[in-house]
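Here the structure is laid out as structure tokens; the discussion comes afterwards.
Lettering follows sequence order; numbering is per chain, from 1.
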Amino acid sequence: MEERNFEMDKVFSPQEVETRLYEEWEQKGYFTPERVPGKKPFVIMMPPPNITGQLHMGHALDTMPQDVLTRYHRMLGEPTLWLPGTDHASIATEVKIVDALKAEGLTKQDLGREKFLERAWEWKEEYGGRITRQLRRLGASCDWTRERFTMDAGLNKAVVEVFVRLYEKDLIYRGDRIINWCPVCKTALSDAEVEYEEQQTSLWHIKYPGPDGRDIIVATTRPETMLGDTGVAVNPNDPRYDGLVGKTVTLPIMNREIPIVADDYVDLEFGTGAVKMTPAHDPNDFEVAMRHNLPLLRVLNDDGTMNEAAGKFAGMTRMDCRRAIVKELEELGLLVKTEPLTHNVGTCYRCHDTVEPLVSTQWFVKMKPLAEPAIDKAKSGELKFVPERFTKTYYNWMENIRDWCISRQLWWGHRIPAYYCDSCGHTVVARENPETCPKCGGAVRQDEDVLDTWFSSALWPFSTLGWPDETEDLKYFYPTSVMSSGYDIIFFWDARMIFSGLEQMGSLPFDTVLLHGLVRDEQGRKMAKSLGNGIDPLIMIDKYGCDALRFSLAMGVSPGSDIRMSEEKIESFRNFANKIWNASRFVLMNLDGEQPIDVLSIPKDQLEPSDRWILTRYQQAVRTVSQNLDALDLGLAAQKIYEFAWNEFCDWYIELCKTRLNGEDAQAKGVARAVLYHVLMGILKLLHPYMPFLTDEVYRYLPGSGPSIMIDRWPVVDETLDFVADAERMEGVMDIIRGVRNLRAEMNVQPGKRATLILGAHPGWEDTLAASENYFKRLAFTSQLELLHEGDKAPGKCASMVTPAADIFIPLGELVDIPKEVQRLNKDLQNVQREIARAEGMLKNPGFLSKAPETLVQTEKEKLETNRQVLTSLESRIKELEQLV
RNA sequence: GGUCUGUUGGCUCAGUUGGUAGAGCACAUCGUUCACAUCGAUGGGGUCACUGGUUCGAGUCCAGUACAGACCACCA
């Protein structure tokens with residue numbers, strides 16, 4: 001048995017505790033579940049952070065709910081797996097490495113693919129470790145023995161397998177389509193990777209000279225694309241262009257004749273009713289061009305400069321070319337007008353430069369067949385989003401989904417398993433490099449491109465468990481229980497995991513998606529490096545402790561909504577942690593190093609009213625917290641624990657216990673100790689998912705505790721410890737105590753000065769009040785308790801107040817100012833009258849009596865009864881006082 | 001253009017089947033006796049954005065208005 005130290009410091013110092021306990025938890029294997037056949041496991045897959053990432057508040061917000069749920073279910077005794085890992089983050093990482101090379105005066109081409117990848121792996125080793133170390137500092141109880149990386153061998157195998165299967169099912173194809181091209185990252189992007197930004201630009205109206213002087217005016221926000229125009233489209237029913245369809249206009253500057261075509265796509269009402277067609281650089285134009293066999297003419301290079309097709313503009317940047325074209329059109333007198341326009345411009349989600357739509361040969365996933373079952377699962381209710389409103393967001397995306405461009409012109413990522421034969425042009429998609437062409441035997445070369453980073457993330461719930469191999473882990477832990485992610489990645493990630501799970505595994509990867517919001521600063525702005533308004537979670541942990549930070553991300557937060565972070569908030573929960581620490585210290589000091597007897601074995605008649613009250617309230621807290629956690633209402637559960645621990649246990653019960661603890665009655669002392677221990681232990685357990693360090697540290701000080709609270713069992717509700725009626729009596733006593741304090745504070749009575757307390761008990765309360773003398777002495781500065789009996793004369797010059805249980809009188813002699821007393825009592829009187837009127841109105845109402853639930857009618861009746869009693873007391877007291885004047 | 005969310009005390013936010021409005025911070029007064037000043041006691045402060053409707057009863061349900069915000073689509 002290891003030696004325990006029962007001396008706790010006066011203040012909780014988290015720093016030392018956090019590293020010590022975390023190391024121990026991990027080393028002892030507490031994070032690693034056992035597979036127990038027949039027992040349903042609880043499983044969460046951690047959204048893998050980017051290897052390039054530095055821990056920020058977003059990670060903390062993401063981690064908190066997962067760890068809370070994991071720790072809760074572990075304490076429920078379920079085999080619990082929270083699987084961590086990191087994401088190679090293809091484009092984000094590659095951009096960073098390219099930047100780093102640039103600082104050395106190198107490009108990635110200088111290095112070559114092989115050397116570049118070596119370098120990337122070095123990055124992975126260095127920074128992938130950094131982020132996982134930082135996650136540990138958040139107290140994350142994930143199973144590091146199962147840590148995965150999206151590019152490790154197993155996951156790579158899964159990626160290739162899925163690619164091949166989808167290809168074989170004709171769900172992956174290669175073709176020329178308009179895609180979003182980032183000229184800075186020099187790669188294709190998926191639709192989801194484009195962010196639209198409102199920008200101020202111009203709409204240029206340009207005259208294209210037509211036949212017989214019938215010129216056509218078109219408008220554009222991107223004049224440089226006119227170099228690639230291969231037609232002009234008008235609506236077939238537009239009288240303005242009668243007789244022109246089939247003829248040509250002259251493309252200015254290039255002096256090319258381009259055809260006029262008729263297409264319904266053109267809106268008669270909008271602008272001039274004529275649209276220039278740049279099929280190689282506009283998705284809509286592309287569609288029209290396909291219908292009319294217009295040629296595609298690319299005028300942009302991959303780096304965003306103009307290519308040879310742009311003639312004399314070749315080599316210019318997009319913007320230079322735009323200015324040159326506008327100038328030349330002006331000189332030619334073909335620029336009809338320029339009007340200012342605000343419109344949304346697509347930008348790259350990584351580098352935020354303007355993306356260019358252009359035609360390119362890329363790989364795509366056919367989405368319709370995959371999206372349909374994914375939609376059905378949500379429609380049938382098998383898949384739930386929390387909060388529910390995001391289901392609509394999900395439908396909206398899934399139902400309007402376009403094919404997913406998955407190839408990226410990058411090096412860091414999963415290389416596309418497609419091989420091309422130069423001799424016969426055959427394409428092979430295979431799990432292994434075929435080396436030679438199966439058709440002609442010629443040499444093959446692998447596709448140069450890699451896959452969208454989200455392609456591998458989409459497989460995360462099963463690839464991490466060993467799929468495509470039929471591993472024991474896969475059989476036991478799939479499907480997972482809850483997916484927790486930010487609502488900003490529903491499209492990128494959640495949706496893709498859902499259809500991938502359905503397609504590859506035949507079942508949903510999880511049935512519930514728990515969404516959280518974004519972290520904002522005090523002013524509601526998104527935290528961003530550029531704004532410098534980020535609160536560094538690591539600094540906050542150093543300053544206030546991990547537990548305080550975690551609690552600040554949980555308490556009072558509702559699912560799916562953004563939260564505002566402030567240091568003050570974290571500080572207030574540091575104070576809460578300290579409060580629990582000191583309450584524990586108090587309990588511990590009173591245990592004399594011994595484990596008290598079990599509350600269940602205490603004869604019920606030995607339990608005092610205060611014991612009955614706190615036990616009842618405690619039972620209720622356990623019920624509420626458990627229910628809230630089951631319903632994924634983490635914010636409500638946290639609030640309940642906070643209130644119960646601080647406002648009921650600390651503020652009241654501990655104080656109520658002190659008389660017994662300092663008294664001579666050994667049996668009474670023992671009972672108080674047992675209840676204190678029982679409830680404190682329960683609080684620590686309820687709080688553990690949120691504040692793992694504090695709770696485990698305190699737990700270990702407590703006699704009779706196990707090796708760690710995190711592997712102990714969640715509190716159980718026991719009906720024999722519910723004393724609802726007794727608890728109500730106690731509340732009545734507490735009301736009196738509050739009343740006395742209130743009176744004294746109002747009259748500025750010296751704190752140390754004790755006074756006689758005279759109580760006129762209301763019917764049925766005599767015994768309770770007589771038995772509560774110690775409570776009044778301890779908490780209501782009472783020197784002596786006097787109970788008025790039937791027929792007793794009401795006390796004269798006293799401060800007085802009426803509570804539901806009794807009329808309170810405190811003889812305070814000179815301090816009592818009778819007119820002021822009357823005034824205050826009248827104020828109470830008015831409140832009670834108002835309340836009585838309300839209840840009477842309600843109870844007189846036949847609608848209420850017939851429709852409202854019976855219990856409610858009953859409580860209303862009781863309340864009314866009580867208030868009438870209070871009213872009577874108030875009235876007679878006021879009358880008495882008025883006679884004294 | 002479409003969809004969604006928010007509007008509750010000075011500030012930040014809770015409020016789960018509709019039943020006399022809550023917390024933290026801030027503020028005011030008092031307090032260092034043996035858990036805790038990272039504390040305790042007490043107090044002030046809200047027509048729950050506005051208008052109408054349903055209901056015996058609405059912060060809570062419905063409709064509309066105003067303001068704020070998010071996402072999706074992006075007509076040249």
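Donor-acceptor pairing under 3.5 Å, judged by distance alone, is present between the side chain of A/E655 and the base of B/A35. Between the side chain of A/R574 and the base of B/U38, at least one donor-acceptor pair of N or O atoms lies under 3.5 Å.
A gap of 9 Å separates the P atoms of B/G6 and B/A14, to the nearest Å. Separating the C1' atom of B/G22 from that of B/U8 is a span of 10 Å, rounded to the nearest Å. Nucleotides B/C4 and B/U17 place their C1' atoms 24 Å apart, quoted to the nearest Å. The gap from the C1' atom of B/G44 to that of B/A37 amounts to 23 Å, rounded to the nearest Å. Only the C1' atoms considered, B/G46 is 14 Å distant from B/G15, to the nearest whole Å. Distance check on atom P: B/U33 versus B/U7 gives 46 Å, rounded to whole Å.
Distance from the side chain of A/F491 is smallest to B/C71 among B/C71, B/A37, B/A14. Among the nucleotides B/A41, B/A35, B/U16, the one closest to the side chain of A/D651 is B/A41. Checked against B/C75, B/C56, B/C36, the side chain of A/N845 finds its nearest nucleotide in B/C56. Of all nucleotides listed (B/U20, B/A76, B/U42), B/U20 comes nearest to the side chain of A/E860. Taking every side-chain heavy atom of A/R520 into account, B/A70 is the closest of B/A76, B/A70, B/G43. Minimum atom distance to the side chain of A/M842 is reached by B/G19, of the listed B/G19, B/C75, B/A37. Considering only the side chain of A/T221, B/A76 comes nearest among B/G44, B/G40, B/A76. When distances run from any side-chain atom of A/K276 to the nucleotides B/A35, B/A76, B/C74, the shortest one goes to B/A76. Closest to the side chain of A/Y196, out of B/U42, B/U20, B/A73, is B/A73. Between B/U20, B/U16, B/A35, one nucleotide has an atom nearer to the side chain of A/N628 than all others, and that is B/U16.
Computed from coordinates, the A/N578 CG to B/G40 P distance equals 11 Å when rounded to whole Å. Put simply, CG on A/L779 is 10 Å from P on B/A41, counting in whole angstrom units. Rounded to a whole Å, the NZ atom of A/K10 is 9 Å from the C1' atom of B/A37. Residue A/L268 contributes atom CG, which lies 13 Å from atom C1' of B/C75 at whole-angstrom precision. In this structure, the CD1 atom of A/I654 is 17 Å from the C1' atom of B/U33, given to the nearest Å. Rounded to an integer number of Å, the gap from A/L743 CG to B/C30 P is 19 Å. As a whole-Å value, the separation of A/W646 CH2 from B/C25 C1' is 12 Å. Protein atom CE of A/M747 is 17 Å distant from nucleotide atom C1' of B/A41, rounded to whole Å.
Using a 4.0 Å heavy-atom distance criterion, A/Y642 is classed as a sugar-phosphate-only contact. Within 4.0 Å of A/D267, counting heavy atoms only, lies at least one base atom of the nucleic acid. As judged by a 4.0 angstrom heavy-atom cut-off over every strand, A/V557 is placed among residues making no nucleic acid contact. Among the atoms of the strands shown, only primed sugar atoms or phosphate atoms (P, OP1, OP2) are found under 4.0 Å from some heavy atom of A/N284.
Within the 4.0 Å cut-off from OP1 or OP2 of B/U12, not a single side-chain nitrogen or oxygen of A/S572 is found. One finds no side-chain N or O of A/N400 lying less than 4.0 angstrom from the OP1 or OP2 phosphate oxygen of B/C72. At the phosphate of B/U12, neither OP1 nor OP2 sits under 4.0 Å from any side-chain N or O atom of A/S566. A/K579 has a side-chain polar atom (N or O) that falls below the 4.0 Å cut-off from OP1 or OP2 of B/G40. Between A/K863 and the phosphate of B/U20, there is a side-chain N or O to OP1/OP2 separation shorter than 4.0 Å. When the side-chain nitrogen and oxygen atoms of A/K392 are compared with OP1 and OP2 of B/C4, one or more of them lie within a distance under 4.0 Å. Distances shown here put a side-chain N or O of A/N575 below 4.0 Å from the OP1 or OP2 atom of B/C39. The side chain of A/R564 places an N or O atom within less than 4.0 Å of a non-bridging phosphate oxygen (OP1 or OP2) of B/C13. Considering only side-chain N and O atoms, A/K658 lies nowhere under 4.0 angstrom from the phosphate OP1 or OP2 of B/U33. Between A/R402 and the phosphate of B/C74, there is a side-chain N or O to OP1/OP2 separation shorter than 4.0 Å.
Within the cation-pi definition used here (under 6.0 Å to the ring centroid, within 45° of the axis), A/K392 does not qualify as a partner of A/F385. A/R322 forms no cation-pi arrangement with A/W204, by the criterion of a distance under 6.0 Å to the ring centre and an angle within 45° of the ring axis.
Nucleotides of RNA chain B nearest to A/R838 and A/S561 differ in position, and the one nearer the 5' end is that of A/S561. Between A/A583 and A/F270, the residue whose closest nucleotide on RNA chain B is further toward the 5' end is A/A583.
Checked against the 6.0 Å centroid criterion, the rings of A/Y196 and A/Y349 do not qualify as a close aromatic pair.
Side-chain contact of A/D267 with A/N235: a donor-acceptor pair under 3.5 Å is absent, judged by distance alone. A/K861 and A/T859 share no donor-acceptor pair across their side chains, judged by distance under 3.5 Å alone.
Counting heavy-atom neighbours within 6.0 Å of A/R754 CZ, excluding the residue itself, gives a total above 12. Applying the 6.0 Å contact sphere to NZ of A/K207 captures no more than 12 heavy atoms from other residues, nucleotides or ligands.
Taking the charged nitrogens against the carboxylate oxygens, A/D9 and A/R585 have no contact shorter than 4.0 Å, which rules out a salt bridge. Comment: A/E746 engages A/R824 in a salt bridge, judged by a side-chain N to carboxylate O separation of less than 4.0 angstrom. Between A/E571 and A/K543 there is no salt bridge, since none of the side-chain N atoms of the basic residue sits less than 4.0 Å from a carboxylate O of the acidic one.
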Point to revise | Pair pattern of RNA chain B in dot-bracket, where unpaired bases get dots and | marks partners in another strand, Watson-Crick or G-U under 3.5 angstrom | key: (((((((..((((.....[..)))).(((((.......))))).....(((((..]....))))))))))))....
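With rounding to the nearest 0.5 Å, the separation of CZ in A/F573 from CG in A/D547 is 12.5 Å.
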